[in-house]
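These notes concern the structure reproduced below.
Given the structure is predicted, the values throughout are model-derived calculations rather than measurements.
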Amino acid sequence: MNHQLLESVIKDKGVKKYVIADKIGISRAAFYAKLAGATEFSNSEIQAIKVTLNLSNEDLMRIFFDDEVDKKPTEEDL
């Protein structure tokens, strides 16, 4: 997950973080932990963030999945 990009999108959209936490059904503390990378967002939470921030599918992929998709296999992976 690209934490910095998510933070940037939240700021650009002008949505307060506590509002997002409430909309996706988790506590503020849990939301901040997920933003910090301590835990991961569930699929349902990602979908709720998409709706709350009015994200396109492309935005969603860039924020939550690009690091996994763009990763090129190393010799260790093979």
Side-chain angles (χ1 to χ4, degrees):
M1 183 183 128
N2 187 330
H3 303 279
Q4 290 177 333
L5 183 55
L6 180 56
E7 292 266 7
S8 176
V9 169
I10 291 169
K11 183 178 178 183
D12 289 347
K13 298 278 184 172
V15 179
K16 300 292 184 188
K17 292 175 186 172
Y18 72 88
V19 171
I20 298 169
D22 290 343
K23 292 275 189 184
I24 67 174
I26 62 175
S27 70
R28 294 175 189 183
F31 184 71
Y32 282 98
K34 290 172 188 268
L35 281 178
T39 59
E40 294 184 13
F41 288 101
S42 69
N43 288 336
S44 62
E45 291 165 348
I46 290 171
Q47 288 303 313
I49 290 170
K50 178 184 179 191
V51 170
T52 302
L53 295 177
N54 193 29
L55 299 175
S56 68
N57 287 335
E58 182 179 310
D59 290 336
L60 193 74
M61 293 302 291
R62 282 191 4 248
I63 293 168
F64 292 100
F65 304 106
D66 260 3
D67 59 334
E68 295 171 15
V69 173
D70 289 342
K71 182 183 174 194
K72 292 186 171 63
T74 63
E75 286 187 16
E76 293 174 2
D77 294 332
L78 300 176

Results of side chain to side chain donor-acceptor pair (under 3.5 Å) for N57 - residues two or more places apart only: K50
S44 OG to I26 CD1 distance, which is reported to the nearest 0.5 Å: 9.5 Å
Full working for side chain to side chain contact (heavy atoms under 4.5 Å, CB included) between F65 and I46: CA-CA 11 Å; F65 304 106; I46 290 171; 4.1 Å; yes
Partner residues of F31 under the ring-ring contact (aromatic ring centres under 6.0 Å, His included) criterion, sequence neighbours left out: F41
Set of residues satisfying salt bridge (charged side-chain N to carboxylate O under 4.0 Å, His left out) with respect to D59, sequence neighbours excluded: R62
Which atom of I10 lies closest to which atom of V15, heavy atoms considered: CG2-O, 3.2 Å
Nearest heavy atoms of I20 and L53, plus distance in Å: CD1-CD2, 3.9 Å
Pairs touching residues 28-37 that satisfy salt bridge (charged side-chain N to carboxylate O under 4.0 Å, His left out), sequence neighbours left out: K34-E45
Pairs touching residues 4-18 that satisfy side chain to side chain donor-acceptor pair (under 3.5 Å), sequence neighbours left out: E7-K17
Rounded distance [0.5 Å steps], CG in L60 versus CG in L55: 6.5 Å
Set of residues satisfying side chain to side chain contact (heavy atoms under 4.5 Å, CB included) with respect to K23, sequence neighbours excluded: V19, T52
A21 versus S27, closest heavy-atom pair with distance: CB-O, 3.9 Å
N/O donor-acceptor pair under 3.5 Å between H3 side chain and L35 backbone: yes
Side chain to side chain contact (heavy atoms under 4.5 Å, CB included) evaluation trace for F64 with L6: CA-CA 8 Å; F64 292 100; L6 180 56; 4.2 Å; yes
